[in-house]
Amino acid sequence: MLGTPGRDPVAVVGPGAVGLAFAARLAGQGHPVTLCGRSGTAPVSTVTSSDGHGTRTVEVAWRGEPARAHPFRWVVVATKLHQGDAARAWLERLADGDTLVVVAQNGIGHRELVAPHATHRHVVPTLVHFNAERHGRDRVEIRQDGPGLVIGDDAAGRRARPLLERTGLGVHTVADFTTAAWRKLMVNAVANPLTALTCRRVEVFGDPSVRDLAATMLAEVAAVGRAEGARLPPEAVDDVLAWLDARPAGAGSSMLADRLAGRRLEYDGLLGAVVRGARGHALAAPVCTAVLALIAALDARPVA
Ligand SMILES: NC(=O)C1=CN([C@@H]2O[C@H](COP(=O)(O)OP(=O)(O)OC[C@H]3O[C@@H](n4cnc5c(N)ncnc54)[C@H](OP(=O)(O)O)[C@@H]3O)[C@@H](O)[C@H]2O)C=CC1
Ligand SMILES: CC(C)(CO)C(=O)C(=O)O
């Protein structure tokens, strides 16, 4: 049986921007946190986080090899979607029948990612609405301008809520997680590739032609979302554009950050999922399909 989180140890798989934010906040509340990182990389023993309230450094433990890991009651998975094999290799060792797995990722396939290592009852799909930017390997800057963490109103979500509240990031429970996930996917399937392709921050959506392109893509994404059961009214397109307009100056996207850092791009689980969904429902999504081809080509190998 899962109890209340107390000061239970927590394993964080994927010590990137989001993983470090969880680690910093939970270790700051007295939870022993173990970062589970890529093998062969230097261990991280402290995490320094800054936000609107100041800067704080906490101690964490490090594991670089799944083979040496043991089960934890709480696991937070914060790898990128294309790093699913890595997450599963860790879960094979970190998860047992009692483990609750918080999957803090963009996209819509949170449960599929962790199957078969955690059953439906033990998975908490979590939408991340704060912005985290990693500086070096052990520093993270947290910008909060949204609802924080969004989870579903189910048994696993209710069990995880006390732990997630300890992060101080804000936890919102929604009855209709499918719609919440597709609303977030509308942003990520459009804003992430268009900022990465243009190498411009969200101010790019002020250009009339880019705005038209974004609006067309958003309408295509919304149509697929509706076919998948999300309740997305026609105004959802304008809502997303208005949300982008309201981003603070200089806001970018995780995909733009990855392009600038020369890392792989997280496109397959975002725009790729939309295009696959469109095909599955026999819906036309020509503009999303074209942008997907460009972003996939960009990811394949940039000119040296
Ligand atoms: N950053 C943000 O503000 C937001 C991010 N998200 C979503 O959250 C998720 C995480 O994003 P983000 O934190 O930005 O991504 P990052 O790329 O910063 O972090 C991913 C982490 O996973 C690690 N990793 C890769 N392979 C392995 C492995 N084999 N074992 C263990 N760790 C591994 C990476 O290691 P290494 O450091 O060695 O590369 C990296 O630390 C994504 O789905 C993203 O879309 C959602 C909203 C906002
Ligand atoms: C919402 C947005 C675009 C900003 O953090 C995001 O989720 C990302 O960068 O991936």
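For the single chain, residues carry numbers from 1 onward in sequence order. Ligands are counted one by one from 1 in listed order, and the atoms in each one are counted from 1 as well.
Ranked by closest heavy atom to atom 45 (O) of ligand 1, the top entry among N188, N106, N192 is N106. Comparing heavy-atom distances from atom 24 (N) of ligand 1 across E141, H110, H82, Q83 singles out Q83 as nearest. Taking all heavy atoms of R38, R88, R137 into account, the minimum distance to atom 34 (C) of ligand 1 is reached by R38.
Nearest protein heavy-atom contact of atom 30 (N) of ligand 1 is W90 NE1, 3.0 Å. Closest protein heavy atom to atom 29 (N) of ligand 1: A86 CB, 3.0 Å. Here the protein heavy atom with the shortest distance to atom 10 (C) of ligand 1 is A78 O, 3.4 Å. The protein non-hydrogen atom at the shortest distance from atom 43 (O) of ligand 1 is E266 OE2, 2.7 Å. Among all non-hydrogen protein atoms, the one lying nearest atom 23 (C) of ligand 1 is G14 CA, 3.8 Å. When only non-hydrogen protein atoms are considered, atom 14 (O) of ligand 1 lies nearest to A17 CB, 3.7 Å. Nearest protein heavy-atom contact of atom 37 (O) of ligand 1 is R134 NH1, 2.9 Å. Scanning the protein for heavy atoms near atom 11 (O) of ligand 1, the closest one is K80 CE, 3.7 Å.
A salt bridge is absent between D268 and K80: the closest approach of a Lys/Arg side-chain nitrogen to an acidic carboxylate oxygen does not fall below 4.0 angstrom. A salt bridge links D154 and R111; the closest N-O separation between the charged side-chain nitrogens and carboxylate oxygens is under 4.0 Å.
At a 3.5 angstrom cut-off on N or O pairs, R263 does not count as close to ligand 1. Annotation: V18 places an N or O atom under 3.5 Å from an N or O atom of ligand 1; distance criterion only. Polar contact check, V128 against ligand 1: no nitrogen or oxygen pair lies under 3.5 Å apart.
For R143, the side chain to side chain contact (heavy atoms under 4.5 Å, CB included) partners at least two apart in sequence or on another chain are N131, E133, E141.
For the residue pair T173 and R161, a side-chain donor N or O sits within less than 3.5 Å of a side-chain acceptor on the partner. Side chains of H82 and R264: no donor on one and acceptor on the other come within 3.5 Å. With no hydrogens or angles considered, a side-chain donor-acceptor pair links T79 and Q105 at under 3.5 Å. Residues S209 and D212 bring no donor and acceptor atom of their side chains to less than 3.5 Å of each other. Side-chain polar atoms of T46 and T57 form no donor-acceptor pair below 3.5 angstrom. Residues E228 and H281 have side chains that bring a donor and an acceptor to within less than 3.5 angstrom of each other.
Neither the backbone nor the side chain of S39 has a heavy atom within less than 4.0 Å of ligand 1.
Rounded to the nearest 0.5 angstrom, L127 CG and H129 NE2 are separated by 5.0 Å. Note that NE2 of H172 and CG of D153 are 14.0 Å apart. Values are rounded to the nearest 0.5 Å. Atom CG of L232 is separated from atom CH2 of W182 by 8.5 Å, given to the nearest 0.5 angstrom.
For the pair R88 and W90, the cation-pi test (distance below 6.0 Å, angle within 45°) is failed.
Within the structure, ligand 1 has N131 among the residues with a heavy atom less than 4.0 angstrom away. Ligand 1 lies less than 4.0 angstrom from a heavy atom belonging to K184.
Atoms of ligand 1 found under 4.0 Å from any heavy atom of A104 (numbered from 1 in listed order, with element): 8 (O), 9 (C). Atoms of ligand 1 found under 4.0 Å from any heavy atom of A132 (numbered from 1 in listed order, with element): 1 (N), 2 (C), 3 (O). For ligand 1 and G37, the ligand atoms under 4.0 Å from any heavy atom of the residue are 30 (N), 31 (C), 32 (N). The ligand atoms of ligand 1 that sit less than 4.0 angstrom from a heavy atom of F130 are 3 (O), 48 (C).
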What are the atom names and distances for all N or O pairs under 3.5 Å between ligand 2 and the protein?
{"unit_1": "ligand 2", "atom_1": "5 (O)", "unit_2": "N131", "atom_2": "ND2", "d": "3.3"}
{"unit_1": "ligand 2", "atom_1": "7 (O)", "unit_2": "N106", "atom_2": "ND2", "d": "3.3"}
{"unit_1": "ligand 2", "atom_1": "7 (O)", "unit_2": "K184", "atom_2": "NZ", "d": "3.1"}
{"unit_1": "ligand 2", "atom_1": "7 (O)", "unit_2": "N188", "atom_2": "ND2", "d": "2.9"}
{"unit_1": "ligand 2", "atom_1": "9 (O)", "unit_2": "S254", "atom_2": "N", "d": "2.7"}
{"unit_1": "ligand 2", "atom_1": "9 (O)", "unit_2": "S254", "atom_2": "OG", "d": "3.4"}
{"unit_1": "ligand 2", "atom_1": "10 (O)", "unit_2": "N106", "atom_2": "ND2", "d": "3.2"}
{"unit_1": "ligand 2", "atom_1": "10 (O)", "unit_2": "N188", "atom_2": "ND2", "d": "3.4"}
{"unit_1": "ligand 2", "atom_1": "10 (O)", "unit_2": "N192", "atom_2": "ND2", "d": "3.1"}
{"unit_1": "ligand 2", "atom_1": "10 (O)", "unit_2": "S254", "atom_2": "OG", "d": "2.6"}

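When the options V102, T126, L91 are evaluated for a side chain to side chain contact (heavy atoms under 4.5 Å, CB included) with V77, the one that passes is L91.
By the criterion of side-chain heavy atoms lying less than 4.5 angstrom apart, applied directly or through intervening Ile, Leu, Val, Met, Phe, Trp or Tyr residues, V202 is grouped together with V190 in one hydrophobic cluster. Residues L292 and L256 are members of separate hydrophobic clusters, defined by side-chain heavy-atom contacts under 4.5 angstrom among Ile, Leu, Val, Met, Phe, Trp and Tyr.
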